[in-house]
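Read the structure below first, then the notes.
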Number of protein chains: 2
Amino acid sequence: MTETAPRPTLEAVAARAGVSRATVSRVVNGGDGVREPLVERVRRAVEELGYVPNQAARSLVTRRHDAVAVVVAEPETRVFADPFFALQLRGISKELTAHDNQLVLLLTEGRDDHARVGRYLAGGHVDGALVFSLHLDDPLPGLIQRAGVPTVFGGRPGWSDGTTDVVYVDSDNRGGAREAVRHLAGLGRTRVAHITGPLDQTSAADRLDGYRDVMGDADPRLVVGGDFTPAGGERAMRELLDRCPDVDAVFAANDLTASGALRVLRERGRRVPEDVAVIGFDDMLPLAEQADPPLTTVRQDIEEMGRLMARLLLGGLGPGDAGAAPAGVVLPTTLVRRTSA
Amino acid sequence: MTETAPRPTLEAVAARAGVSRATVSRVVNGGDGVREPLVERVRRAVEELGYVPNQAARSLVTRRHDAVAVVVAEPETRVFADPFFALQLRGISKELTAHDNQLVLLLTEGRDDHARVGRYLAGGHVDGALVFSLHLDDPLPGLIQRAGVPTVFGGRPGWSDGTTDVVYVDSDNRGGAREAVRHLAGLGRTRVAHITGPLDQTSAADRLDGYRDVMGDADPRLVVGGDFTPAGGERAMRELLDRCPDVDAVFAANDLTASGALRVLRERGRRVPEDVAVIGFDDMLPLAEQADPPLTTVRQDIEEMGRLMARLLLGGLGPGDAGAAPAGVVLPTTLVRRTSA
DNA sequence: GCACCCGGTGAGAGCGCTCTCGCGGCACCG
DNA sequence: CGGTGCCGCGAGAGCGCTCTCACCGGGTGC
């Protein structure tokens with residue numbers, strides 16, 4: 001393998017096309033203000049030489065990088081194995097690609113890493129950051145805000161209660177939860193339980209709030225803690241059946257939790273939905289569809305959330321720097337009715 | 001929010017420390033050949049001004065970027081939701097971070113994207129690439145090789161049969177499979193079945209080869225196709241029980257498949273391991289540990305594979321450009337004995 | 001004591017690009 | 001037909017950094 005071949009420069013292309021560097025630059029960057037025959041000649045020269053602009057040189061003068069950092073705090077391995085995050089990342093990737101931006105992935109591992117990430121962002125290596133801050137007590141968001149880099153958060157940050165002007169994209173967790181619980185109530189169910197997610201995440205907390213919006217202060221024993229995993233769902237469901245044998249509906253904080261609950265219900269001989277109706281959250285496919293019975297759930301368009309995050313960031317980076325950017329965008333959810341409720 | 005503050009340059013630091021740009025540069029890059037008092041003075045100036053080197057300017061002259069691309073072909077969403085890949089990525093991230101390299105994530109979506117990735121890599125924006133090529137017919141590897149970028153593959157590429165000099169990191173899929181099947185045979189099982197993975201992936205094909213190494217051309221009905229998912233495992237197990245009711249052991253291509261198989265065995269009233277012994281592959285936690293019964297499986301250190309890929313790439317980028325780099329590194333696997341076999 | 005060497009430092013060129021500026025030519029107006 | 005404006009293009013100045021090279025001073029060796 002030979003050393004990297006000497007790549008052609010603007011100069012070389014200019015020479016070949018018989019024009020000046022400036023003209024080549026203009027053509028490469030859109031070709032405005034250059035007459036057609038010249039454009040054509042330059043294009044051909046670029047083609048023949050296989051010219052690719054040197055991004056470093058370009059960034060040096062434009063101070064733009066066409067790159068966006070995606071910052072993921074990863075206290076647990078879970079975060080990554082979560083299809084939820086994977087889908088969001090995919091949406092982000094698509095949107096960035098469409099705008100010729102690169103995705104720089106920053107995984108943080110413990111406290112020390114936060115400083116590293118902060119330094120990197122402050123270093124002006126990227127034009128903006130997309131940040132997934134999962135926990136209420138995460139110091140990362142603060143660091144990032146201080147770095148002065150345009151940022152969009154994935155999910156409502158815990159410390160943002162509408163007061164500060166952070167930009168984020170979230171699902172309507174509370175509204176979706178309300179709709180789910182109302183649906184259960186509409187089915188005539190009176191003992192509607194909720195298996196929560198980890199409550200230090202705003203999504204889980206918001207879903208609980210939505211449940212409470214409808215159920216008021218119903219029997220507090222109907223609310224039991226889960227952790228967004230099937231195992232947690234099983235545990236919670238067992239506890240629930242033990243202390244409230246008369247439960248006739250369960251709103252689970254997500255589909256994984258619901259799948260665990262379904263398994264326990266089956267094990268304990270409760271029919272779904274006849275004896276106990278079950279609703280999940282996410283509409284995670286194929287999990288929800290192939291559950292037994294197929295799971296009624298609150299759908300959120302996760303990939304779209306990712307896309308939107310990227311679009312918001314890229315948009316904010318553009319011309320209008322003014323306060324046109326919305327503080328938070330909350331995407332609607334829809335109830336998908338299958339068999340379980 | 002004000003525009004990005006004017007960041008201090010080398011020049012500014014030099015002025016403040018009362019030295020030349022060159023000296024500051026030397027200090028910033030390790031400080032060799034600069035006397036202690038000066039080093040100290042420069043360090044202080046850097047600190048006070050909050051100086052951060054401009055990577056673009058640096059890259060322009062050094063032609064290094066301290067960035068590595070991670071290319072993931074993503075024919076299905078599965079790829080990403082797969083904890084396997086997530087873990088590998090984590091290992092990569094850790095190793096890159098340790099060497100102050102950035103991770104540029106390139107997800108490809110369909111054929112058109114391949115050209116884009118090829119162009120990006122050929123564009124010399126990164127120092128190297130880590131590529132996950134999952135399928136035999138993937139055109140991506142070829143494109144990348146042609147781009148002339150140092151590359152390490154994750155998993156043995158399908159077209160590499162030891163002849164070409166591609167660098168890759170893989171698990172000893174074949175050896176691990178052999179060990180698993182031998183263990184089953186050692187238990188006195190004579191009707192040992194294998195549920196395969198998708199055979200267009202080398203890992204799945206290699207595991208099947210390992211099975212055959214031990215079983216020879218046993219009853220071909222004992223080999224049934226799966227797809228690395230629990231649902232596929234269920235399907236395959238049903239088929240297996242239907243056509244070979246006397247099966248007394250199953251080697252599943254991975255833990256997800258095994259979990260599906262376990263469920264069907266339970267459903268059909270077969271005791272594990274008494275009636276049918278089951279072995280998986282991956283040792284994916286907590287899945288394997290919490291399976292019912294806890295799953296005996298072939299462990300591979302996935303995160304370490306990621307680390308190693310990064311280390312290999314970074315090492316190859318260093319001084320020794322010569323053929324010191326090994327063509328392929330195959331990590332050993334170990335059989336983890338739990339209850340299921 | 002003189003030539004030499006060598007480690008530490010500064011001066012300056014240049015990486016490949018963008019962008020401002022100015023010049024020349026052409027159209028349009030009076 | 002001369003003046004004015006504008007459009008298309010080229011010249012040239014840097015962006016912030018690294019790296020080579022020359023320079024300077026203080027040992028060493030004879």
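Order of the sequence lines sets the chain letters (A, B, ...), proteins ahead of strands, with each chain counted from 1. Everything numeric in this text was worked out from a predicted model, so none of it was measured.
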Nearest heavy-atom neighbours spanning [X] and [Y]:
| X | Y | answer |
| --- | --- | --- |
| A:Pro53 | A:Val28 | CG-CG1, 4.0 Å |
| B:Met309 | B:Leu130 | O-CD2, 3.6 Å |
| B:Leu60 | A:Ala56 | N-CB, 4.0 Å |
| A:Leu314 | A:Glu95 | CD2-O, 4.4 Å |
| B:Phe85 | B:Val72 | CZ-CG2, 3.1 Å |
| B:Val149 | B:Gly128 | CG1-CA, 3.6 Å |

If the condition is salt bridge (charged side-chain N to carboxylate O under 4.0 Å, His left out), which residues does [X] pass it with, not counting sequence neighbours?
| X | answer |
| --- | --- |
| B:Asp170 | none |
| A:Arg58 | none |
| A:Arg64 | A:Asp66 |

Check: Which angle, to the nearest 10 degrees, lies between the helix axes at the two ends of the helix from C:dG1-D:dC30 to C:dG30-D:dC1, each defined by five pairs?
Finding: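 Computed angle between terminal axes is 40°.
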Any pair counted as salt bridge (charged side-chain N to carboxylate O under 4.0 Å, His left out), so long as it reaches residues 8-27 of chain B, sequence neighbours left out
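Output for this query lists B:Glu11-B:Arg21, B:Arg16-B:Glu48.
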Open item on the list: Going by the rule ring-ring contact (aromatic ring centres under 6.0 Å, His included), which residues pair with A:His65 if we only count those two or more places apart in sequence or in a different chain?
Closed with: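 Partners of A:His65 by the ring-ring contact (aromatic ring centres under 6.0 Å, His included) criterion come out as none, since no residue qualifies.
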| request: Go through the structure and list residues passing ring-ring contact (aromatic ring centres under 6.0 Å, His included) with A:Tyr120, not counting sequence neighbours. | output: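 Expected list: A:His125.
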_Would you compute the distance between atom OG1 of A:Thr108 and atom CZ of A:Arg116 and round it to the nearest 0.5 angstrom?_
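The OG1 atom of A:Thr108 sits 7.5 Å away from the CZ atom of A:Arg116.
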Check whether any side-chain N or O of B:Thr23 sits under 4.0 Å from OP1 or OP2 of C:dG10, and answer yes or no.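 So the side-chain polar atoms of B:Thr23 do come within 4.0 Å of the phosphate oxygens OP1 or OP2 of C:dG10, strictly under.
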Practice problem: For DNA chain C, find the residues of residues 26-45 of chain A with a heavy-atom distance under 4.0 Å and give them by number; none if there aren't any. | Solution: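 Heavy-atom contacts with DNA chain C come from A:Asn29.
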Under 4.0 Å, heavy atom to any atom of DNA chain C: which of residues 50-57 of chain A qualify?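 Nucleic-acid contacts, sorted: A:Tyr51, A:Pro53, A:Asn54, A:Ala57.
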Quiz item: If you walk 5' to 3' along DNA chain D, what is the first nucleotide with an atom under 4.0 Å of a heavy atom in chain A, and what is the last?
Solution: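 It runs D:dG8 to D:dG16.
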*asked:* Give the residues of residues 15-22 of chain A touching DNA chain D, defined as any heavy atom closer than 4.0 Å, sorted by residue number.
replied: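 Of all residues in residues 15-22 of chain A, the ones placing a heavy atom under 4.0 Å from DNA chain D are A:Val19, A:Ser20, A:Arg21, A:Ala22.
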Output a table of donor-acceptor pairs, distance under 3.5 Å, between side-chain atoms of residues 31-44 of chain A and any protein atom two or more places apart or on a different chain; print 'none' if there are none.
from: A:Arg41; atom 1: NE; to: A:Ala17; atom 2: O; distance (Å): 3.0
from: A:Arg41; atom 1: NH2; to: A:Ala17; atom 2: O; distance (Å): 3.0

Pick from B:Leu89, B:Leu107, B:Val104: which one makes a side chain to side chain contact (heavy atoms under 4.5 Å, CB included) with B:Val70?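 Result: among B:Leu89, B:Leu107, B:Val104, B:Leu89 is the only option passing the side chain to side chain contact (heavy atoms under 4.5 Å, CB included) with B:Val70.
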